Chemist: 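Quick one: the structure is below, and I'll ask about it shortly.
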Amino acid sequence: MSFKEQIEALLASFLEERKDLFLVDLKISADDQITVTLDGDNGVTLQDCLDASRAIEFNMDREEHDFALQVMSYGLSEPLALNRQYQKNIGRELDVVLTSGEKIEGELVSVDEESITLLLRYRRPKLIGKGKEDVEEEKVIRLDEIKKALVVIKF
């Protein structure tokens, strides 16, 4: 079993015990710097990162293979990458940039395997008469059309 396969197996075993957490990214550099990025259905705590680190660290022999390990949580400023991340952010505002360059902001209302649905709220000129009216419409966006999707952070 290769070094990378050993790390993947240890991570898979840890995540099997912690169903609320999931792997977003695993990078192993040429000089064996391991970077694990986790996310969770209810967020990721420092303790979660420590537990994942220990699951790898305590089951690898440094005499056999020397490595550096960093386990971190997926940041709010990072774009959503996995379907499960979209799922956990239902009800939040997203800024979405499409592959066409179009930018859309709306509330994430549903997610399936191939698309997301945003609720768009905006004002437009009335179709009849003067003034403006409030409009709500749902827009379905295929996941393969999304270049980048960020959660809007509100204070």
Side-chain angles (χ1 to χ4, degrees), residues 1-122 138-155:
M1 185 181 287
S2 74
F3 179 66
K4 183 176 183 180
E5 291 170 337
Q6 287 177 317
I7 300 301
E8 288 171 340
L10 290 170
L11 265 174
S13 176
F14 169 74
L15 293 173
E16 186 63 33
E17 294 173 19
R18 293 292 310 273
K19 301 273 189 205
D20 60 318
L21 299 176
F22 53 95
L23 180 66
V24 175
D25 194 24
L26 169 63
K27 293 180 184 166
I28 302 175
S29 69
D31 60 346
D32 294 329
Q33 301 255 350
I34 304 166
T35 304
V36 177
T37 308
L38 299 175
D39 202 348
D41 297 325
N42 302 309
V44 178
T45 66
L46 178 59
Q47 188 62 50
D48 295 334
C49 292
L50 289 171
D51 292 345
S53 178
R54 288 180 182 136
I56 296 169
E57 187 89 31
F58 293 165
N59 291 297
M60 294 294 293
D61 183 3
R62 283 196 180 271
E63 297 297 322
E64 181 183 312
H65 207 108
D66 193 28
F67 60 91
L69 175 63
Q70 179 181 14
V71 179
M72 61 184 147
S73 65
Y74 201 74
L76 268 178
S77 62
E78 298 295 319
L80 302 178
L82 303 173
N83 193 291
R84 194 164 170 185
Q85 290 177 300
Y86 285 100
Q87 290 282 346
K88 83 173 213 164
N89 285 294
I90 289 176
R92 289 189 161 160
E93 292 285 319
L94 295 185
D95 269 335
V96 178
V97 178
L98 302 180
T99 53
S100 67
E102 181 184 359
K103 296 178 182 181
I104 302 169
E105 183 175 325
E107 179 185 340
L108 181 62
V109 292
S110 70
V111 178
D112 62 34
E113 293 301 315
E114 297 162 6
S115 64
I116 64 171
T117 303
L118 295 180
L119 178 62
L120 309 179
R121 294 181 179 100
Y122 57 92
E138 289 190 350
K139 180 166 180 79
V140 177
I141 304 169
R142 289 196 342 258
L143 292 173
D144 62 0
E145 294 178 326
I146 299 174
K147 182 176 183 179
K148 181 168 74 171
L150 292 168
V151 175
V152 176
I153 302 168
K154 295 184 179 179
F155 297 97

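Since the structure is predicted, the reported quantities are computational estimates derived from the model, not experimental observations.
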Chemist: Does Asn83 have any side chain to side chain donor-acceptor pair (under 3.5 Å) partners at least two apart in sequence or in another chain, and if so, which?
Modeler: none
Chemist: Give me each pair satisfying side-chain hydrogen bond (donor to acceptor under 3.5 Å, both in side chains) with a member in residues 93-107, each pair once, sequence neighbours excluded.
Modeler: Glu107-Arg121
Chemist: Ser110: which residues meet the side chain to side chain contact (heavy atoms under 4.5 Å, CB included) condition with it, sequence neighbours left out?
Modeler: Thr117
Chemist: Can you list the steps and then say if Leu118 with Leu94 is a side-chain contact (heavy atoms from CB on, under 4.5 Å)?
Modeler: CA-CA 8 Å; Leu118 295 180; Leu94 295 185; 4.2 Å; yes
Chemist: Specify the closest pair of heavy atoms between Ser73 and Cys49, including all atoms of both residues, with the distance to one decimal.
Modeler: N-SG, 3.9 Å
Chemist: Listing request: all side-chain hydrogen bond (donor to acceptor under 3.5 Å, both in side chains) pairs with a residue in residues 7-17, at least two apart in sequence or in separate chains.
Modeler: Glu16-Lys19
Chemist: Locate the shortest heavy-atom distance separating Leu98 from Ile141; write the atom from each residue and the value.
Modeler: CD2-CG2, 3.6 Å
Chemist: Side-chain contact, heavy-atom cut-off 4.5 Å: Gln6 with Asn59?
Modeler: no
Chemist: Who pairs with Glu114 by side chain to side chain donor-acceptor pair (under 3.5 Å), at least two apart in sequence or on another chain?
Modeler: none
Chemist: Can you tell me how far the OG1 atom of Thr35 sits from the CD atom of Gln70, to the nearest 0.5 Å?
Modeler: 5.0 Å
Chemist: Atom CD1 in Ile116, atom CD in Glu145: separation rounded to 0.5 Å?
Modeler: 10.0 Å
Chemist: Which atom pairs, one a donor and one an acceptor, fall under 3.5 Å between side chains of residues 20-28 and the rest of the protein, sequence neighbours left out?
Modeler:
residue : atom : partner : partner atom : Å
Asp20   : OD1  : Arg18   : NE           : 3.1
Asp20   : OD1  : Arg18   : NH2          : 3.4
Asp20   : OD2  : Arg18   : NH2          : 3.0

Chemist: For a side-chain contact (heavy atoms from CB on, under 4.5 Å) check, start with the C-alpha distance between Ile56 and Phe14, then their side-chain angles and the critical distance, and finish with the verdict.
Modeler: CA-CA 9 Å; Ile56 296 169; Phe14 169 74; over 6 Å; no
Chemist: Any side-chain heavy-atom pair from Tyr86 and Leu143 closer than 4.5 angstrom?
Modeler: yes
Chemist: Can you check side-chain contact (heavy atoms from CB on, under 4.5 Å) on Tyr74 and Leu82, steps first, answer last?
Modeler: CA-CA 11 Å; Tyr74 201 74; Leu82 303 173; over 6 Å; no
Chemist: In chain order, what residues pass the side chain to side chain donor-acceptor pair (under 3.5 Å) check against Asn42, with sequence neighbours excluded?
Modeler: none
Chemist: Under the rule for salt bridge (Lys or Arg N to Asp or Glu O under 4.0 Å), what residues qualify as partners of Glu113, not counting sequence neighbours?
Modeler: none
Chemist: Where is the tightest heavy-atom contact between Ala52 and Val71, given as atom of each residue plus distance?
Modeler: CB-CG1, 3.9 Å
Chemist: Partners of Asp32 by side chain to side chain donor-acceptor pair (under 3.5 Å), sequence neighbours excluded?
Modeler: His65
Chemist: Which pair of heavy atoms, one from Leu38 and one from Val44, lies closest together, and at what distance?
Modeler: O-CG2, 3.8 Å
Chemist: Can you list every pair that meets salt bridge (charged side-chain N to carboxylate O under 4.0 Å, His left out) and has a residue in residues 56-78, with sequence neighbours left out?
Modeler: Glu57-Arg62, Arg62-Asp66
Chemist: Are Leu69 and Gln33 close enough, and set up right, to give a side-chain contact (heavy atoms from CB on, under 4.5 Å), and what steps lead you there?
Modeler: CA-CA 6 Å; Leu69 175 63; Gln33 301 255 350; over 6 Å; no
Chemist: What pair of heavy atoms forms the shortest contact from Lys148 to Pro79, and how long is it?
Modeler: CG-CB, 3.6 Å
Chemist: For Arg54, give me all partners under side chain to side chain contact (heavy atoms under 4.5 Å, CB included), at least two apart in sequence or on another chain.
Modeler: Gln47, Leu50, Asp51, Phe58
Chemist: Distance-only, no hydrogens or angles: does the Asn89 side chain make a donor-acceptor pair with backbone N or O of Arg92 under 3.5 Å?
Modeler: no
Chemist: Sequence neighbours excluded, which residues qualify as salt bridge (Lys or Arg N to Asp or Glu O under 4.0 Å) partners of Arg84?
Modeler: Asp41
